[in-house]
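Throughout, protein chains are lettered first and strands after them, A, B, ... in sequence-line order, and every chain is numbered starting at 1.
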Number of protein chains: 2
Amino acid sequence: MNTRKIEQLLRMNGIRPSHHRMKVYEYLIENRNHPNVDMIYRELIKDIPTLSKTTLYNTLDLFLQKGIVQLITINENEMRYDADTSVHGHFKCNTCGIIYDIRLREPLADFESLNNFQVSESHLYFRGICPACLVKA
Amino acid sequence: MNTRKIEQLLRMNGIRPSHHRMKVYEYLIENRNHPNVDMIYRELIKDIPTLSKTTLYNTLDLFLQKGIVQLITINENEMRYDADTSVHGHFKCNTCGIIYDIRLREPLADFESLNNFQVSESHLYFRGICPACLVKA
DNA sequence: GTATCTGCAAAACATTTGCAATTCT
DNA sequence: AGAATTGCAAATGTTTTGCAGATAC
């Protein structure tokens, strides 16, 4: 995705498109790997030598608030981020660690015991072994 | 649940029923509040003044390994535990913080894009506002 | 010139680890 | 005695906070 488009997307969502923010969002758009802060940091530090993790946390918090990114808690000890904010599932392979996206056939959140709840977020995830690792085993 | 029954349950699952372990499991069975380590600690320290959090972590890890407890990652920054190991959903109220159990109509894990995956764990959770807090608002 | 953004350093927490002391069989 | 269990103290690792300097409008 080109720089112009990223700038537009940020502005549209009420986010001032600073250089750092554009780079972070670009990373998330182009790497659908559900990264943690350190993965983003190690990649962007190449382009932006002065980058700090504080700025990444600030930026990602802002993206979460503005709703252009969602938080994935599939790993107990760290936050992972996903620029795809649609409701979809995730699968974490216990062998290789990769987190896959899982398409859903029908919408979540229509469970009877949720009747009187106001749902703002839905998360579905699985753990196990992915096809690639199953073949090797 | 009485002490005898708890002892049996632990033994059945290959866990030596030490006093600490029985108390931790009893807590989890009788308090379906999806507690974090600190909640368990603050309660049990009343009965067991020498209790340490290390022991709680050891015990809970053992319970997880033996499969008599499941881990809930609905709160980013902490582990929460549930003695109900059946597949069911959770709802966290953003206002009062309570985590509710959500019954599922049908089994999860039959999504088409999961075809070739070997699924060992399924988790579904929601966030939003619970009925009690909706009424107050 | 004022508000916003960035980043260093330190703090805050939850969790893990090393190891010694205790307990159980 | 020997193995399992417990717990203190320190380490680890991620995220948050306070604040100062830099940048943008």
Side-chain angles (χ1 to χ4, degrees), chain A residues 3 6-7 10-11 13-27 34-66 68-81 97 99, chain B residues 3 6-7 10-11 13-27 34-66 68-82 92 97 99:
Chain A
T3 306
I6 288 174
E7 188 181 333
L10 293 183
R11 276 195 207 287
N13 286 282
I15 298 166
R16 291 243 197 93
S18 73
H19 181 240
H20 290 57
R21 288 171 179 172
M22 305 235 314
K23 282 296 185 185
V24 174
Y25 195 57
E26 182 184 42
Y27 177 93
H34 318 92
N36 59 22
V37 168
D38 200 55
M39 290 162 75
I40 305 172
Y41 181 78
R42 287 202 310 273
E43 191 59 33
L44 294 192
I45 194 75
K46 297 174 188 169
D47 283 356
I48 317 170
T50 63
L51 183 66
S52 76
K53 286 198 182 171
T54 303
T55 298
L56 284 186
Y57 282 108
N58 286 340
T59 300
L60 290 164
D61 281 351
L62 180 65
F63 287 0
L64 285 173
Q65 280 173 42
K66 298 296 187 177
I68 65 168
V69 149
Q70 71 170 308
L71 192 59
I72 299 173
T73 60
I74 201 169
N75 267 18
E76 302 84 17
N77 52 332
E78 63 186 13
M79 294 173 169
R80 286 178 169 261
Y81 299 87
I99 299 175
Chain B
T3 306
I6 288 174
E7 191 181 331
L10 292 183
R11 277 195 207 286
N13 286 281
I15 298 167
R16 290 243 196 92
S18 73
H19 182 238
H20 289 58
R21 288 170 179 172
M22 306 234 316
K23 283 295 187 186
V24 173
Y25 195 56
E26 183 184 40
Y27 177 92
H34 318 93
N36 58 23
V37 168
D38 200 57
M39 289 162 77
I40 305 173
Y41 181 79
R42 287 202 311 272
E43 191 59 32
L44 294 191
I45 193 73
K46 296 175 188 168
D47 283 356
I48 317 171
T50 63
L51 183 68
S52 76
K53 286 197 181 172
T54 303
T55 298
L56 285 186
Y57 281 109
N58 287 339
T59 301
L60 291 164
D61 280 352
L62 181 65
F63 288 179
L64 286 173
Q65 280 173 41
K66 297 297 187 178
I68 65 169
V69 149
Q70 71 171 309
L71 191 59
I72 300 173
T73 59
I74 200 169
N75 266 21
E76 303 84 18
N77 51 333
E78 65 186 10
M79 293 173 169
R80 286 176 169 261
Y81 299 88
D82 191 345
K92 183 190 172 193
I99 298 174

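Pairing each heavy atom of A:L44 with each of A:L51, the nearest pair is CB-CD2, 3.6 Å. Nearest heavy-atom pair, A:E78 versus A:R80, reported as atom, atom and distance to 0.1 Å: OE2-NE, 2.9 Å.
Distances shorter than 4.0 Å separate none of the side-chain N or O atoms of B:S18 from OP1 or OP2 on D:dA4. Taking side-chain N and O atoms only, B:R21 has a distance below 4.0 Å to OP1 or OP2 of D:dT5. Between B:T50 and the phosphate of D:dG7, there is a side-chain N or O to OP1/OP2 separation shorter than 4.0 Å. The phosphate of D:dG7 (OP1 or OP2) has a side-chain N or O of B:T55 nearer than 4.0 angstrom. For the OP1/OP2 pair of C:dG7 and a distance below 4.0 Å, the side-chain nitrogens and oxygens of A:H20 include at least one atom meeting the criterion. Residue B:T54 places no side-chain N or O under 4.0 Å from the OP1 or OP2 atom of C:dT15. Proximity of B:Y57 to the phosphate of C:dT15: a side-chain N or O atom is located under 4.0 Å from OP1 or OP2.
Between B:I48 atom CD1 and C:dT23 atom P the separation is 14 Å, expressed in whole Å. Across the protein-nucleic acid pair, A:K23 atom NZ and C:dT6 atom P stand 14 Å apart, rounded to whole Å.
Nearest to the side chain of A:D61, among D:dG7, C:dC5, D:dT16, sits D:dT16. Closest to the side chain of B:L51, out of D:dA4, C:dG7, D:dG7, is D:dG7.
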